[in-house]
Amino acid sequence: MTDTDLSPAAACRRLLRQADRATLSTLMADGSGPYGSLVLIASSPAGEPLMLLSDLADHTRNFGADPRVSLMIDGTAGLDDPLTGARATVQGRIEKVEDDLLRTRYVRRHPSARFYAGFRDFNLYRIVPERAHLVAGFGRIHWVEAGDGLLYGGTTETLAQAEAEILAHMNADHLDAIGLYANRLLGREGVGWFMTGVDPEGCDLRRQGAIARLNFEGVAEDSDAVRRELVGCVKRARQMG
């Protein structure tokens with residue numbers, strides 16, 4: 001399914017899953033106004049934005065006083081006219097989350113986070129979306145409420161438990177297939193791509209500092225369904241050769 005075929009809610013979720021960084025806006029704790037900061041993000045299996053943040057950062061002090069935040073995700077990189085590209089601002093409340101699977105998922109997305117993920121003054125947070133503003137090019141502008149499907153509405157627990165095993169298997173035995181996904185299906189150059197995450201709607205790839213997102217044609221809520229999707233992707237990639 002192409003981006004133009006998606007509902008506004010699904011388009012917001014896809015944009016978020018593709019991104020590895022965003023602008024977090026908080027209200028200054030001293031009342032002086034709004035404050036924006038660059039953050040590295042991942043997504044939960046359901047599509048909630050995840051961040052690993054220091055207690056010492058200004059944004060952490062800010063949302064400690066007022067948990068209302070917004071997150072600006074920019075999908076316009078590389079376009080001749082950025083205003084034709086997609087971007088979304090997610091509004092919601094930020095909360096600390098104690099979840100080893102989500103923390104591990106974040107660190108796989110951002111390998112550099114391994115150096116500080118265990119520090120006592122770094123904590124994992126998620127934004128619970130309340131609504132989002134999507135601009136998907138000229139004429140495609142929508143406000144999307146949380147109840148309209150901003151988060152994936154199916155089952156995520158089974159796949160979340162199996163994610164580490166799926167990734168270990170793919171990265172140990174099927175790097176050639178991952179390379180085909182990146183090079184042929186996604187048009188990304190280079191060798192050495194590996195898989196960092198999988199959720200019901202697709203999987204995340206990485207090569208050094210570059211990332212890529214492979215969206216599934218359907219949804220995959222368990223290991224067998226993921227295998228079927230990945231086998232189908234390999235077949236399509238080889239046909240393109």
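Just so you know, these numbers use all the heavy atoms, side chains as well, and skip hydrogens, waters and symmetry mates.
- Listed for the D204 side chain is no donor-acceptor partner under 3.5 Å among the backbone atoms of R213.
- Residues forming a side chain to side chain donor-acceptor pair (under 3.5 Å) with E221 (at least two apart in sequence, or on another chain): Y152.
- Rounded to the nearest 0.5 angstrom, R14 CZ and L6 CG are separated by 4.5 Å.
- Once rounded to the nearest 0.5 Å, the distance linking OH of Y35 with CG of L27 reads 13.0 Å.
- Residues L134 and P8 share a closest heavy-atom pair of CD2-O, 3.7 Å.
- Distance alone, capped at 3.5 Å, is enough to place a donor-acceptor pair between the N62 side chain and the A29 backbone.
- Annotation: side chain of T60 is not in contact with side chain of N123 (no heavy-atom distance under 4.5 Å).
- We find the CD-CD distance between Q91 and E145 to be 9.0 Å, quoted to the nearest 0.5 Å.
- The line from CD1 of I73 to CD of Q18 is 11.0 Å long, rounded to the nearest 0.5 Å.
- Between the side chain of R103 and the main chain of E98, no donor-acceptor pair closer than 3.5 Å is present.
- In this structure, L159 and A220 approach most closely via the heavy-atom pair CD2-O, 3.3 Å.
- Across I94, T89, T23, I41, a single residue satisfies side-chain contact (heavy atoms from CB on, under 4.5 Å) together with L71, and that is I41.
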For residues 233-241, run the donor-acceptor check on the side chains, cut-off 3.5 Å, and write out each pair with its distance to 0.1 Å, sequence neighbours left out.
from: R236; atom 1: NH1; to: G232; atom 2: O; distance (Å): 3.4

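- Taking 4.5 Å as the limit, every side-chain heavy atom of H59 sits out of range of all side-chain heavy atoms of Y125.
- Rounded to the nearest 0.5 angstrom, R131 CZ and L150 CG are separated by 11.0 Å.
- Scanning all heavy atoms of the two residues, the minimum distance from P45 to D199 falls at O-CB, 4.1 Å.
- Inter-residue side-chain proximity for T26 and R61 is flagged as unmet; no heavy-atom pair is nearer than 4.5 Å.
- Judged by distance alone, with hydrogens and angles left aside, the side-chain atoms of R188 form a donor-acceptor pair with the main-chain N or O of I211 at under 3.5 Å.
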message: Between I141 and H133, is the side-chain contact (heavy atoms from CB on, under 4.5 Å) condition met? List the steps.
response: CA-CA 7 Å; I141 303 174; H133 188 242; 3.4 Å; yes
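- Shortest non-hydrogen contact noted between P129 and A146 is O-CB, 3.4 Å.
- Side-chain atoms of R126 never come within 3.5 Å of backbone atoms of L124 as a donor-acceptor pair (strictly under, hydrogens ignored).
- Residues C203 and E229 fail the side-chain proximity criterion, which asks for heavy atoms closer than 4.5 Å.
- Aromatic ring orientation, H169 versus H174: perpendicular (interplanar angle above 60°, classes split at 30° and 60°).
- Across all non-hydrogen atoms, the minimal contact from Y106 to L40 is OH-O, 3.0 Å.
- If you take OG on S7 and CG on D148, they are separated by 8.5 Å, rounding to the nearest 0.5 Å.
- In this structure, D100 places its CG atom where only 12 or fewer heavy-atom neighbours from other residues, nucleotides or ligands lie under 6.0 Å away.
- The backbone N or O of R109 sits less than 3.5 Å from a side-chain atom of R206, completing a donor-acceptor pair.
- Every pair passing salt bridge (Lys or Arg N to Asp or Glu O under 4.0 Å) that includes a residue from residues 159-179 is listed here, sequence neighbours excluded: R105-E163, R108-E163.
- The closest side-chain heavy-atom distance from L102 to V97 is below 4.5 Å.
- Look at D55 and K96 and you find no salt bridge, because none of the NZ, NE, NH1 or NH2 atoms lies under 4.0 Å from a carboxylate O.
- Closest heavy-atom contact between P200 and T156: CG-CG2, 4.2 Å.
- Side-chain N or O atoms of D121 include none that pairs as donor or acceptor with a backbone N or O of S54 at under 3.5 Å.
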task: Tell me, with the steps shown, if I127 and V69 meet side-chain contact (heavy atoms from CB on, under 4.5 Å).
output: CA-CA 8 Å; I127 295 176; V69 300; 3.8 Å; yes
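- Using a distance-only test at 3.5 Å, with no hydrogens or angles considered, no donor-acceptor pair links the side chain of R17 to the main chain of N215.
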message: The test is side-chain contact (heavy atoms from CB on, under 4.5 Å); show your working for V198 and F216 and say whether it passes.
response: CA-CA 10 Å; V198 62; F216 293 154; 4.1 Å; yes
